[in-house]
Amino acid sequence: MTFRLYDCVVTDMKLHKGSHDTTGLRFGIVVARFNKFVTSKLLSSCVDGLTKQGVKPDDIEAVWVPGAFEIPLVARTMARTKRFDAVICLGAVIRGDTPHFDYISAEVSRGIGQAALDADVPIIFGVLTTHTIAQAIERSDPAKFNRGGEAAKSAIEMATVMRQLRIGEEAPPIVKRETSAKTRAPRKR
Ligand code: INI
């Protein structure tokens with residue numbers, strides 16, 4: 001039997017993927033106060049996204065920080081407590097007339113990546129970096145791009161897949177060994 005995964009024929013592999021089973025999972029959120037008219041919407045759709053997937057409000061902890069620049073340190077500190085299965089970072093960096101945007105957005109993305117590796121806990125990048133206020137409003141609108149809800153989904157996926165990997169849970173055997181080249185599905189071009 002063959003199995004096609006992203007255009008490849010796969011045999012005899014274990015496939016791990018995240019699930020919707022949020023039982024017992026705890027999430028930390030770091031949210032920047034700067035551009036609060038945007039970040040408060042990101043926060044509410046993020047919390048909605050988590051609770052709709054069964055996460056208990058008691059298992060969510062949020063921390064406000066002054067701006068996006070301050071997010072990585074707090075995210076790292078939260079992650080290092082090991083009280084959270086994932087930490088979600090929410091912010092909005094909007095381009096202005098000066099190079100400030102470039103410094104803040106570069107630092108927050110670099111810092112969040114480094115924090116996740118340092119803490120060995122998934123840290124989700126839910127920070128908008130936009131050219132205009134209109135773009136930021138659109139991306140925080142739950143009826144449009146809803147980046148807060150997307151960050152929640154990413155956090156659940158990462159938390160569940162990491163839980164699987166860490167407890168060495170067996171992934172369901174999805175494929176069996178191919179018996180002959182004839183059974184191999186043609187490669188898509
Ligand atoms: N912080 C943001 O979260 N978004 C921005 O767009 C922004 N701009 O443009 O200045 C911003 N600045 C504040 C910064 O994150 C720090 O809080 C501040 O520099 C103090 O360290």
Side-chain angles (χ1 to χ4, degrees), residues 18 22 25-162:
T22 59
L25 293 180
R26 290 165 307 176
F27 294 89
I29 303 175
V30 192
V31 55
R33 199 177 307 107
F34 205 101
N35 293 325
K36 194 175 175 189
F37 67 102
V38 171
T39 62
S40 56
K41 285 205 231 154
L42 292 176
L43 177 62
S44 54
S45 359
C46 178
V47 171
D48 259 19
L50 292 173
T51 51
K52 277 186 185 146
Q53 259 331 302
V55 180
K56 298 195 198 107
D58 263 3
D59 290 330
I60 306 172
E61 230 172 277
V63 179
W64 284 98
V65 295
F69 189 80
E70 285 73 34
I71 289 176
L73 175 63
V74 173
R76 181 173 178 270
T77 303
M78 289 179 92
R80 281 165 60 109
T81 64
K82 301 287 175 189
R83 286 194 289 119
F84 304 101
D85 297 280
V87 174
I88 303 165
C89 301
L90 303 173
V93 192
I94 303 173
R95 193 180 280 285
D97 295 333
T98 69
H100 202 62
F101 168 94
D102 300 296
Y103 291 105
I104 307 272
S105 49
E107 190 52 26
V108 66
S109 53
R110 188 201 60 79
I112 288 175
Q114 187 192 316
L117 298 178
D118 284 356
D120 207 15
V121 168
I123 304 186
I124 304 304
F125 185 75
V127 178
L128 301 179
T129 56
T130 65
H131 294 300
T132 63
I133 293 176
Q135 285 176 340
I137 291 173
E138 201 174 35
R139 280 156 182 77
S140 62
D141 183 344
K144 293 192 177 167
F145 290 96
N146 191 8
R147 297 291 187 227
E150 280 179 16
K153 277 190 196 160
S154 302
I156 291 169
E157 179 172 355
M158 284 302 292
T160 52
V161 84
M162 291 297 277

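In this text the structure is predicted, and so the values were computed from the model without any measurement. When a ligand or atom number is given, it counts from 1 through the structure's own listing order.
- At the top of the distance list for atom 17 (O) of ligand 1, counting protein heavy atoms only, stands Glu70 OE1, 2.6 Å.
- Across Val30, Leu50, Ile123, Ile156, a single residue satisfies side-chain contact (heavy atoms from CB on, under 4.5 Å) together with Ile88, and that is Leu50.
- For the pair Lys82 (side chain) and Ala119 (backbone), a donor-acceptor distance under 3.5 Å is present.
- Heavy-atom proximity to atom 3 (O) of ligand 1, evaluated over Ser105, Ala68, Gly91, is greatest for Ala68.
- In terms of protein heavy atoms, atom 4 (N) of ligand 1 is closest to Ala92 O, 2.8 Å.
- Of all atoms in ligand 1, numbered sequentially from 1 with element shown, those under 4.0 Å from a heavy atom of Asn35 are 4 (N), 5 (C), 6 (O).
- Remark: ligand 1 atoms within the under-4.0 Å shell around heavy atoms of Val93 are 4 (N), 5 (C), 6 (O).
- At a cut-off of 3.5 Å, with distance as the only test, a side-chain donor of Arg110 or Gln114 sits close to an acceptor on the other residue.
- Salt bridge Lys153/Glu150: absent, no basic N to carboxylate O contact under 4.0 Å.
- Considering only non-hydrogen protein atoms, atom 1 (N) of ligand 1 sits nearest to Phe34 CG, 3.3 Å.
- The nearest heavy-atom contact from the protein to atom 10 (O) of ligand 1 is His100 CD2, 2.9 Å.
- Ligand 1 has no N or O atom lying under 3.5 Å from any N or O atom of Pro66, backbone or side chain.
- Polar contact check, Ile94 against ligand 1: a nitrogen or oxygen pair lies under 3.5 Å apart.
- Salt bridge status for Asp58 with Arg26: absent, with no side-chain N to carboxylate O gap under 4.0 Å.
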Yes or no on side chain to side chain contact (heavy atoms under 4.5 Å, CB included) for Val31 and Leu42, after CA distance, side-chain angles and deciding distance? CA-CA 9 Å; Val31 55; Leu42 292 176; 5.9 Å; no
Trace of the side chain to side chain contact (heavy atoms under 4.5 Å, CB included) decision for Lys41 with Ile137: CA-CA 9 Å; Lys41 285 205 231 154; Ile137 291 173; 4.1 Å; yes
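- At a heavy-atom cutoff of 4.0 Å, ligand 1 is contacted by the side chain of Ile104 but not by its backbone.
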